[in-house]
Amino acid sequence: MCKIEKKVERKREMGGILKGESRGGVEKQLKGSKMKLWMIRATTSVLLWTCIVQLTAIGDTWGPRVLNVWPPCFNRESDAASSLVHDTLPSIPQRVLPHKRVYKNNGYLMVSCNGGLNQMRAAICDMVAIARYLNVTLIVPELDKSSFWADPSEFKDIFDVEHFITSLRDEVRILKELPPRLKRRVELGRVYSMPPISWSDISYYHNQILPLIQKYKVVQLNRTDSRLANNGQPLEIQKLRCRVNFSALRFTSQIEELGKRVIRLLRQNGPFLVLHLRYEMDMLAFSGCTQGCNEEEVEELTRMRYAYPWWKEKIINSDLKRKDGLCPLTPEETALTLSALDIDPSMQIYIAAGEIYGGERRMASLATAYPNLVRKEILLGASDLRFFQNHSSQMAALDYLVSLESDIFVPTYDGNMAKVVEGHRRFLGFKKTVLLDRRLLVDLIDQYTNGSLSWDEFSAAVKESHSDRMGGPVNRLVIPDRPKEEDYFYSNPEECLQMPSVDLWIST
């Protein structure tokens with residue numbers, strides 16, 4: 001009996017154990033299933049986030065294409081609503097960014113430009129081409145704030161920085177600032193800085209500058225004007241200089257809109273001529289050109305020239321410089337020249353310049369011959385220009401836009417603005433640009449004023465000598481070993497223009 005009870009009791013214990021083991025196995029299976037489910041969810045989440053990041057990265061390029069091929073059922077609006085939107089709103093083309101250029105980065109290039117707006121503009125174009133050739137990352141250029149004009153404007157205050165970066169991304173990587181580690185090094189003053197040699201061939205940058213960038217990781221080039229040679233460069237370098245100048249360097253929307261407004265106001269009253277009258281105080285002081293100035297003005301200009309130690313030429317013979325054609329035309333000489341070229345006296349003359357030295361007294365003869373003189377300060381209200389006050393480069397940007405659109409452009413001196421606008425107008429279809437032969441003109445003017453030439457003789461001589469100086473197709477002058485005397489690349493970017501293929505004119 002006892003044995004039977006013990007057997008029954010043992011069976012019960014075994015059954016309990018089996019039941020416990022079975023329950024434990026189930027619990028283990030449940031735990032395993034939960035772990036697998038958690039792993040699946042985690043993996044799915046990672047994959048989804050990866051997809052989202054990838055889609056975000058390529059959304060600008062591929063997003064619209066993907067959406068276009070989705071079936072209509074995925075659209076939130078009905079076909080009728082979509083049709084209504086298309087009928088009432090103008091179609092805006094999707095902006096397609098160029099693909100990023102992939103290359104091994106050799107380092108970082110910082111650029112500190114010098115001079116006025118157009119001097120810096122040309123330098124920026126050169127530096128982009130150099131950065132592309134060296135396979136380095138370019139930091140958005142720093143603009144000159146210490147020149148005579150003391151303009152505090154940053155790059156982003158004048159140019160559309162986002163457009164500048166994105167429009168060139170298939171050529172060169174451009175960043176707004178250095179990576180933190182390198183930025184800190186620069187802030188501590190540990191940066192290799194130097195001015196490159198003027199008018200250098202692109203090979204100079206490959207042989208001399210690239211090793212420095214590879215050694216120091218970041219190099220700063222300062223005083224960057226006229227550092228790349230006009231001629232003898234690879235065709236792709238020349239074309240890239242043009243692309244930067246005519247496409248990537250777009251002014252800010254504020255400057256663009258105000259420029260368009262000035263142009264509309266001028267167009268309402270018919271055709272207009274832009275006169276780049278380079279007769280400001282700084283120009284006269286540094287050139288030493290004092291034609292028509294009184295004794296007090298001559299002394300003031302001389303004092304100013306001596307006050308700036310970086311301007312090396314101090315003693316200047318104004319008469320000799322003028323006879324050599326190295327002085328800007330005076331307002332009086334300009335009035336005679338425009339009249340001799342048969343410019344209609346009723347035509348609008350837009351003065352693209354700063355404050356004219358001598359004021360209304362010096363402008364009197366020009367205003368008498370051409371009473372329809374206008375300036376941006378006359379066409380626009382003070383409130384429109386208040387943000388541009390004391391920002392000479394932004395004011396120059398407005399004049400630049402108006403100069404491009406004018407029916408005729410006449411610079412009285414071949415400075416940086418005159419040259420860059422001349423080249424840009426050639427690019428826009430050889431728009432009429434009167435390139436004055438100042439050396440010949442001052443001689444003709446002197447003969448006319450002393451009675452040696454009649455008006456008809458003077459006018460005929462001026463027209464004949466300028467018949468082929470109207471901004472039409474012409475070969476860029478190349479002077480071996482004398483780059484300062486040859487034609488400037490940006491005044492005649494021949495490689496980028498639609499013109500017959502001819503050999504460059506070589507002067508010996």
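Only heavy atoms go into these numbers, but all of them, side chains included; no hydrogens, no water, no symmetry mates.
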Filter on disulfide (SG to SG under 2.5 Å), then keep only pairs touching [range], sequence neighbours left out; what's left?
range	result
residues 356-463	none
residues 337-397	none
residues 298-352	C289-C327

Residue pairs passing the ring pair (Phe, Tyr, Trp, His ring centres under 6.0 Å) test with at least one member in residues 385-411, sequence neighbours excluded, are F251-Y400, Y400-H424

Please say whether more than 12 non-hydrogen atoms of neighbouring residues, nucleotides or ligands are located less than 6.0 Å from [atom1] in [X].
X	atom1	value
I378	CD1	yes
K100	NZ	no
K321	NZ	yes

Would you say the side-chain atoms of [X] pair up with the backbone N or O of [Y], donor to acceptor, closer than 3.5 Å?
X	Y	answer
K484	R482	no
E333	T330	yes
N416	Q119	no
D324	L326	no
H276	D414	no
E297	G358	no
S339	A335	yes
R101	V172	no
K376	L398	no

Exercise. Does the side-chain contact (heavy atoms from CB on, under 4.5 Å) test come out yes or no for L117 and I158, once each step is laid out?
Worked result: CA-CA 9 Å; L117 173 67; I158 301 174; 3.9 Å; yes

Could you tell me which non-hydrogen atom of [X] sits nearest to which non-hydrogen atom of [Y], and how far apart they are?
X	Y	value
S392	D151	N-OD2, 3.1 Å
I202	Q233	N-OE1, 3.0 Å
P195	R223	CB-CB, 4.4 Å
Y205	S200	CE1-CB, 4.0 Å
R243	S167	NH2-O, 2.6 Å

Could you tell me which residues satisfy ring pair (Phe, Tyr, Trp, His ring centres under 6.0 Å) with [X], sequence neighbours excluded, listed by chain and number?
X	answer
F272	none
Y488	Y490
W311	F286

ask   = Between R375 and Y350, is NZ or CZ placed under 6.0 angstrom from the six-membered ring centre and within 45° of the ring axis?
value = no

**Q.** Test: R303 cationic atom under 6.0 Å from Y306 six-membered ring centre, within 45° of axis
**A.** no

Would you call [X] and [Y] a side-chain contact if the rule is heavy atoms closer than 4.5 Å?
X	Y	result
Q238	F489	yes
E256	L401	yes
I174	T137	no
L134	L109	no

Any side-chain donor paired with an acceptor under 3.5 Å for [X] and [Y]?
X	Y	value
S153	Q394	yes
S406	R425	yes
Y357	E300	yes
D144	N114	no

Worksheet item: Going through the distances and angles, do V218 and I213 end up as a side-chain contact (heavy atoms from CB on, under 4.5 Å)?
Response: CA-CA 5 Å; V218 55; I213 296 175; over 6 Å; no

inquiry  = side chain to side chain donor-acceptor pair (under 3.5 Å), that's the test. Do S193 and N222 meet it? Break it down for me.
reply    = CA-CA 7 Å; S193 182; N222 53 53; 2.8 Å; yes

Are we looking at SG atoms under 2.5 Å apart for C496 and C242? yes

Subject >> Stepwise side-chain contact (heavy atoms from CB on, under 4.5 Å) test for D446 and R322 >> reply: CA-CA 11 Å; D446 288 346; R322 177 176 174 270; 3.0 Å; yes

Handout entry: Pair R426 + E422, salt bridge at N-O below 4.0 Å
Key = yes

**Message:** Looking only at the aromatic ring of each residue, does the gap between the centers of F427 and F246 stay below 6.0 angstrom?
**Reply:** yes

So the side-chain hydrogen bond (donor to acceptor under 3.5 Å, both in side chains) pairs with at least one residue in residues 458-467 (sequence neighbours excluded) are D342-K463, S459-K463

All side chain to side chain contact (heavy atoms under 4.5 Å, CB included) counterparts of [X], not counting sequence neighbours:
X	answer
E486	N230, N231, V478, I479, P483
L373	I349, I351, M363, L366, A367, Y370
E177	K183
Y413	R278, M283, P328, R438

Quick one, R121 with I124, criterion side-chain contact (heavy atoms from CB on, under 4.5 Å). Give me CA distance, side-chain angles, the key distance, then yes/no. CA-CA 5 Å; R121 183 188 184 103; I124 292 167; 5.6 Å; no

With E495 as partner, the option from K239, R241, R476 fulfilling salt bridge (charged side-chain N to carboxylate O under 4.0 Å, His left out) is R476

